[in-house]
Chemist: 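A single structure is presented below for examination.
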Amino acid sequence: MNLSKREFLQLLGAGSVAGLGLGRHDSAGAAGAVDAMYALPRFGNVSLLHMTDCHAQLKPLYFREPSVNIGLGSMRGKVPHLVGEQLLKAAGVAPGTRVAHALTHLDFDRAAQRYGKVGGFAHLATLVKQLKASRPGALLLDGGDTWQGSATSLWTQAQDMVDACKLLGVDVMTGHWEFTYGMERVKEIIEKDFAGRVEFVAQNVKTADFGDPVFKPYVMREINGVPCAIVGQAFPYTPIANPRYMVADWTFGIQDDNLQRVVDEARAKGAQVVVVLSHNGMDVDLKMASRVRGVDAILGGHTHDGTPMPTLVSNAGGQTIVVNGGSNGKFLGVLDFEVKGKKVSDFRYRLLPVFSDLIPADREMDALIARIRAPYEAKLSETLAHTDGTLYRRGNFNGTGDQLLLDALMEVQDAPIAFSPGFRWGTSLLPGQPITREWLMDMTATTYSYATVTPMSGEMLKTVLEDVCDNLFNPDPYYQQGGDMVRVGGLQYACDPTAAMGQRIQDMRLDGKPIEAGRTYKVAGWAPVSEEARSAGNKPVWEVIEPWLKSRKVVAARAPEAPVLKNVAPNPGLA
């Protein structure tokens, strides 16, 4: 696909984000907003719908977008490293509108009260049906991180999400957190539940012994007479970011040469459209797009970035569209291709926010969700405390929700320092809302969420922080191995993301005193990736934090502890 810069700008002008003019319609009420946002004219002859990183959230929710998503070097000032007003300006979205609220953290509390909750599979189902009806043959692609992130997904071993995705009409998916249920459970779902219904694709997952493919690398589907290939790219660093023992017989990784062979094979078999369904993270996708030719688009996930406009990346074969679909069921991407002369000649892309007050719930999906939740409803809805402040997670360094977890761990575990993983999933609460058991599980539910207390030397503390920081800020995206920065409680430090590996973490202190390299410190944490933690008798972290919440009844507003940043500001990814 070859588009000139002028043609690309014309495409953006045609409306790369649904609702660019929504500010003109907000005052007209819900009907005007629905028309402005969801009545998409059909374009072209091949349509793909894209969801990713819903993290098992079946019900509508609040989710605050990050105010810190720093881009450095060549990524400074570029999507996805734009937040707040900078993102709105780049996307051409008016401040104070529904779309502005969906895309940014700006005025989050008041905007959330005004525009209500987002997501929810019953509302998403209505939108999917509407779009599939208006776009015959359209496929629904799921970028993964679908089976994990809630209490019911953990308690049912992902069966709730499997059933919901089949009803939703998912056609093709790839994975990441799915693998943390273990190899046997993943294979069981694919071979039994998904058989004849949903294709699971991942060209970069091989057996550790002979290097055989574990899953189909791609599938071919004909849409309105056009052969289309959907290639899977699972999260490449699963054995590093998550426990290795859960996928002991499989290897992952970035495999550009193999991906090129798969793309070439699909083209040789007649594919006129080739799309990679990726869980790399957007920076990795952008580099991959520059190295692999013959890919029309990469529909990405993992980093939870809702990108309202596409990025076009040049490579030896032409150009590749790269987008990322947000998280928590909050967005649905719509990519329309016009295919002429056996190749893509034009496209349109929209990122639709899923506002539950604008989209009626699908009755069949609503009934399924009710059945799924019925055995657990009382347990889920039990109030543990109330919050005086907004609780959220997303951001490069810390969030108020993680700060709550850190404070609880330090107090209950009697430790002066606490670490909480840099997970991006987790829902938000508004001031005055109850902290229910469901919210606590939304923040902590994994298959290895053991609470730990570990003696660590000052030297090891620095090593851990340096290692995680390199995962986030390594100048080569292929060495960014997932997650935001580990959240730190009790320990103060400075961070220079522009420095070299081993020199980013500086001036580490505890109670104002410098951390001593040879001294041992007591550190609370949770979700260790080592297999030993599984058999050490450690409690699930929610069992540690729940009594702490109940003893307080009301949790005061929290300011997240974050490092002093050096050589960063001003930066369009730092509000």
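What you see is a predicted model; the values in this text were computed from it and never measured.
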Chemist: Taking NZ, NE, NH1 and NH2 as the nitrogens, is one of them in Glu265 or Lys269 under 4.0 Å from a carboxylate oxygen of the other?
Modeler: yes
Chemist: Quick check against the 3.5 Å criterion: does Asn258 have a side-chain atom that pairs as donor or acceptor with the backbone of Gln203?
Modeler: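 Looks like yes, one N/O pair under 3.5 Å.
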Chemist: Are Phe179 and Phe252 near enough that their ring centres are under 6.0 Å apart?
Modeler: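 For Phe179 and Phe252, the ring centres are under 6.0 Å apart.
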Chemist: For Tyr479, look at atom OH and say whether over 12 heavy atoms of other residues, nucleotides or ligands are found less than 6.0 Å away.
Modeler: no
Chemist: Check the angle between the aromatic planes of Phe200 and Phe215 and answer parallel, tilted or perpendicular using the 30° and 60° thresholds.
Modeler: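 Ring orientation of Phe200 relative to Phe215: tilted.
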Chemist: Locate the shortest heavy-atom distance separating Asp53 from His279; write the atom from each residue and the value.
Modeler: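 Where Asp53 meets His279 most closely, the heavy atoms are OD1-CE1, 3.2 Å.
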Chemist: Within a 6.0 Å radius of atom CZ on Arg221, are there more than 12 heavy atoms belonging to other residues, nucleotides or ligands?
Modeler: yes
Chemist: Under 4.0 Å between a side-chain nitrogen and a carboxylate oxygen: does that hold for Arg394 and Asp484?
Modeler: yes
Chemist: Would you say that Leu61 contacts Asn328 through its side chain, given a criterion of any heavy-atom pair below 4.5 Å between the two side chains?
Modeler: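 Yes, at least one pair of side-chain atoms sits under 4.5 Å.
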Chemist: Looking at Pro80, Pro477, Pro475, which hits side-chain contact (heavy atoms from CB on, under 4.5 Å) with Met75?
Modeler: Pro80
Chemist: What I'd like to find out is whether the side chain of Asp305 reaches to under 4.5 Å of the side chain of Val79, using heavy atoms alone.
Modeler: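 In short, these two side chains do not touch, never coming nearer than 4.5 Å.
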Chemist: Determine whether the aromatic ring centres of Phe63 and Trp425 lie less than 6.0 Å apart.
Modeler: no
Chemist: Quick check: Phe423 with Trp526 (ring centres under 6.0 Å apart)?
Modeler: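 Trp526 vs Phe423: aromatic centres under 6.0 Å.
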Chemist: Distance to the ring centre below 6.0 angstrom and angle to the axis at most 45 degrees; does that hold for Lys539 and Tyr450?
Modeler: no
Chemist: So which of Asn280, Asn471, Ile254 actually passes side-chain contact (heavy atoms from CB on, under 4.5 Å) with Tyr237?
Modeler: Ile254
Chemist: Between Glu191 and Lys187, is there a side-chain N and carboxylate O pair less than 4.0 Å apart?
Modeler: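 The answer is no: the pair does not qualify as a salt bridge.
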Chemist: Where do Thr180 and Trp177 come nearest, in terms of heavy atoms and distance?
Modeler: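 Of all heavy-atom pairs spanning Thr180 and Trp177, the closest is OG1-O, 2.6 Å.
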Chemist: So, Asp160 and Lys166, do they make that salt bridge, N to O below 4.0 Å?
Modeler: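 Salt bridge flag = no for Lys166 with Asp160.
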Chemist: Report the C-alpha separation of Lys330 and Glu65 in whole Å, then their side-chain angles, then the decisive distance to 0.1 Å, and conclude whether the salt bridge (charged side-chain N to carboxylate O under 4.0 Å, His left out) test is met.
Modeler: CA-CA 11 Å; Lys330 187 176 180 181; Glu65 297 294 335; 2.8 Å; yes
Chemist: Nearest heavy-atom pair of Val292 and Asn315: which atoms, and what distance?
Modeler: O-ND2, 3.5 Å
Chemist: Taking Arg393 for the side chain and Met443 for the main chain, is one N or O donor matched with an acceptor at less than 3.5 Å?
Modeler: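 The answer is yes, because a donor-acceptor pair under 3.5 Å joins these two groups.
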Chemist: Please find the pair of heavy atoms, one from Ala418 and one from Leu406, that lie closest to each other, and give the distance.
Modeler: O-CD2, 3.4 Å
Chemist: Less than 6.0 Å separating the ring centroids of His304 and His55?
Modeler: yes
Chemist: Is it true that Gln159 and Arg185 share a donor-acceptor pair across their side chains at a distance under 3.5 Å?
Modeler: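 There is such a pair between these side chains.
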Chemist: Kindly give the heavy-atom pair with the smallest separation between Leu139 and Lys132, and that separation in Å.
Modeler: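 In terms of heavy atoms, the two residues are closest at C-CE, 4.5 Å.
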Chemist: So does Asp171 pair up with Arg197, basic N to acidic O under 4.0 Å?
Modeler: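 Here Asp171 does not pair with Arg197 in a salt bridge, since their nearest N and O are not under 4.0 Å apart.
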Chemist: Taking Asp496 first and then Arg504, would you say they form a salt bridge - that is, a charged N and a carboxylate O separated by under 4.0 Å?
Modeler: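 Salt bridge flag = no for Arg504 with Asp496.
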Chemist: Check salt bridge (Lys or Arg N to Asp or Glu O under 4.0 Å) between Lys78 and all other residues, then give those that pass, not counting sequence neighbours.
Modeler: none
Chemist: Can you check whether Leu335 reaches Ser47 side chain to side chain, under 4.5 Å on heavy atoms?
Modeler: no
Chemist: For Leu391 and Thr400, work out which heavy atoms get closest and say how close.
Modeler: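 Smallest heavy-atom distance, with atoms named: CA-OG1, 3.1 Å.
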